[in-house]
K.L.:
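Have a look at this one before I ask anything.
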Amino acid sequence: DSTGAKLSKRKGDAFVESYKEKGYLPEAINNVVALLGWGPDGDSDKVMDMKELISKFSLDGCTKASACVSPTAVTYMQEQHFRRLVSLKDKRLFDDFRRLLLFEYKERLPADVESSPIWSDSYIHSALSILSIRVNFLKDAVTAGCHFWCDPESEQLLTFKSKLNDLGADRLQTITRSLENLENFSQESVLEVLSKLQRDWGLKQRIFFTALRVSIMGVTTGCPVAEVAAVIGRERTINRLKKALDHL
């Protein structure tokens, strides 16, 4: 490990399988292992896929020093490869993500989800592009991104009702009407409308956007409201706001 001690089951992860079980991507593990005692031009932190590793490998880049597994390097490679595969719309990554969604939220997902737009590569890419800034593992993206596929449950809205009360029914109705009438339902347009209302009402950003996050996402912290609204679309955003109104 980074201290020079030998890895074992009790200290550090001695086997590749342990990383796989934790959700590390094969690309990240391959990258880390390939750079143990080797690096192109002495660069031991370079992010490379298998094709690039093969094309750049040379015995000249090998060192005689003992290889050291750094947890920080493993985490870094996972983060970089996760974001890279999301940007590439990697089929295996997206298919794995769909399987995890079905396993975790089957009862909450629409019955026809597998034939709906929210199951498409483009939709998953949009959602994961936002989530990959905050999480580095598919399993964490499933947990943190539930609201992209599932509407908030009544239990969630009731749990955070005090946050909804901070905004109030009248203001929430005004927000709903403003977003319904918005000509271009883009992230920028949604944020512009919401920010103007927040300033006009003299509410603190934290109070205003927390209430909206509860209404649209069912949580008090997480992804920016305007980004989520733009991805899930006008209809689903409005329906969720109206559902939140029913709980006030």
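It should be emphasised that the depicted structure is a prediction, and the values quoted were computed from it without experimental measurement.
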K.L.:
Does CD in Glu180 sit with more than 12 non-hydrogen atoms of other residues, nucleotides or ligands closer than 6.0 Å?
P.N.:
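Yes, the 6.0 Å shell around CD holds more than 12 heavy atoms from other groups.
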K.L.:
Looking at side-chain heavy atoms only, is the closest gap between Met77 and Val47 below 4.5 Å?
P.N.:
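They are in side-chain contact.
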K.L.:
Got Glu27 and Arg84 here, is their nearest side-chain heavy-atom distance under 4.5 Å?
P.N.:
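Contact flag for Glu27/Arg84 side chains = yes.
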K.L.:
Any side-chain heavy-atom pair from Leu203 and Arg171 closer than 4.5 angstrom?
P.N.:
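They are in side-chain contact.
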K.L.:
For Asp151, which of Lys242, Lys243, Arg240, Arg108 qualifies under salt bridge (charged side-chain N to carboxylate O under 4.0 Å, His left out)?
P.N.:
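Exactly one option meets the salt bridge (charged side-chain N to carboxylate O under 4.0 Å, His left out) with Asp151, and it is Arg240.
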K.L.:
So, for Gln205 and Gln198, which heavy atoms are closest and what is the spacing to 0.1 Å?
P.N.:
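The pair with the smallest heavy-atom distance is CG-OE1, 3.5 Å.
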K.L.:
Tell me every residue that passes salt bridge (Lys or Arg N to Asp or Glu O under 4.0 Å) with Arg98, counting only those two or more places apart in sequence or in another chain.
P.N.:
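Arg98 satisfies salt bridge (Lys or Arg N to Asp or Glu O under 4.0 Å) with Asp95, Asp121 once adjacent residues are dropped.
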K.L.:
Are Tyr19 and Leu25 grouped together when hydrophobic residues (ILVMFWY) are joined by side-chain heavy atoms under 4.5 angstrom apart?
P.N.:
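No, separate clusters.
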K.L.:
Can you see which heavy atom on Ile175 is nearest to which on Leu194, and at what distance?
P.N.:
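Closest heavy-atom pair between Ile175 and Leu194: CG2-CD2, 3.8 Å.
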K.L.:
Could you report the tightest heavy-atom contact between Val86 and His125, atom names first, then the distance?
P.N.:
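Smallest interatomic distance, heavy atoms only, reads O-CD2, 2.9 Å.
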K.L.:
Would you say Leu53 and Ile29 are hydrophobically clustered, going by side-chain heavy atoms of ILVMFWY under 4.5 Å?
P.N.:
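Result: yes, single cluster for both.
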K.L.:
Roughly how far apart are His81 NE2 and Asp49 CG, rounded to 0.5 Å?
P.N.:
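It is 7.5 Å, given to the nearest 0.5 Å.
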K.L.:
Is there a path of hydrophobic side-chain contacts, each under 4.5 Å between heavy atoms of I, L, V, M, F, W or Y residues, that connects Leu179 with Phe148?
P.N.:
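Linked within one cluster.
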K.L.:
Do Arg92 and Pro26 have side chains that get closer than 4.5 Å, going by heavy atoms?
P.N.:
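Arg92 vs Pro26: side chains touch.
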K.L.:
Step by step, would you call Thr75 with Thr72 a side-chain hydrogen bond (donor to acceptor under 3.5 Å, both in side chains)?
P.N.:
CA-CA 5 Å; Thr75 300; Thr72 301; over 6 Å; no
K.L.:
Is it possible for you to check whether Lys22 lies under 6.0 Å from the centre of the six-membered ring of Tyr24, through NZ or CZ, and within 45° of that ring's axis?
P.N.:
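Because its charged atom misses either the 6.0 Å distance or the 45° angle limit, Lys22 does not stack over Tyr24.
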K.L.:
Taking the side chain as C-beta and beyond, is there a heavy-atom pair between Leu191 and Val225 under 4.5 Å?
P.N.:
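A side-chain contact under 4.5 Å is absent here.
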K.L.:
Determine, stepwise, if the pair Lys163 / Asp166 fulfils salt bridge (Lys or Arg N to Asp or Glu O under 4.0 Å).
P.N.:
CA-CA 5 Å; Lys163 303 297 183 183; Asp166 288 340; 5.1 Å; no
K.L.:
Checking Lys20 now: which residues fulfil salt bridge (Lys or Arg N to Asp or Glu O under 4.0 Å) with it, not counting sequence neighbours?
P.N.:
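If we apply the salt bridge (Lys or Arg N to Asp or Glu O under 4.0 Å) test to Lys20, skipping adjacent residues, there are no hits.
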K.L.:
Of all residues at least two apart in sequence or in a different chain, which pass the salt bridge (Lys or Arg N to Asp or Glu O under 4.0 Å) check with Asp90?
P.N.:
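Result, salt bridge (Lys or Arg N to Asp or Glu O under 4.0 Å) vs Asp90: none returned.
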K.L.:
When clusters are formed by joining ILVMFWY residues with side-chain heavy atoms under 4.5 Å apart, either directly or through shared neighbours, do Leu102 and Phe97 land in the same one?
P.N.:
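In one cluster: yes.
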K.L.:
Could you state whether Ile207 and Leu212 fall into the same hydrophobic cluster, counting links through intermediate Ile, Leu, Val, Met, Phe, Trp or Tyr residues with side-chain heavy atoms under 4.5 angstrom apart?
P.N.:
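No.
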K.L.:
Looking only at non-hydrogen atoms, find the nearest pair between Ser215 and Leu164 and report the distance.
P.N.:
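Shortest heavy-atom separation between Ser215 and Leu164 comes out as OG-CD2, 3.1 Å.
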K.L.:
How far does CZ of Phe208 sit from CZ of Arg199, to the nearest 0.5 angstrom?
P.N.:
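Between atom CZ of Phe208 and atom CZ of Arg199 there are 10.0 Å.
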K.L.:
Which heavy atom of Leu131 sits nearest a heavy atom of Ala141, and at what distance?
P.N.:
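Closest approach of Leu131 to Ala141: CD1-O, 3.7 Å.
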K.L.:
Could you pull out the closest heavy-atom pair between Ala169 and Leu245, with the gap in Å?
P.N.:
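So the minimum-distance heavy-atom pair works out to O-CD2, 3.5 Å.
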K.L.:
Can you name the one residue among Tyr123, Trp119, Tyr105 that meets ring pair (Phe, Tyr, Trp, His ring centres under 6.0 Å) with Trp149?
P.N.:
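Exactly one pass, corresponding to Tyr123.
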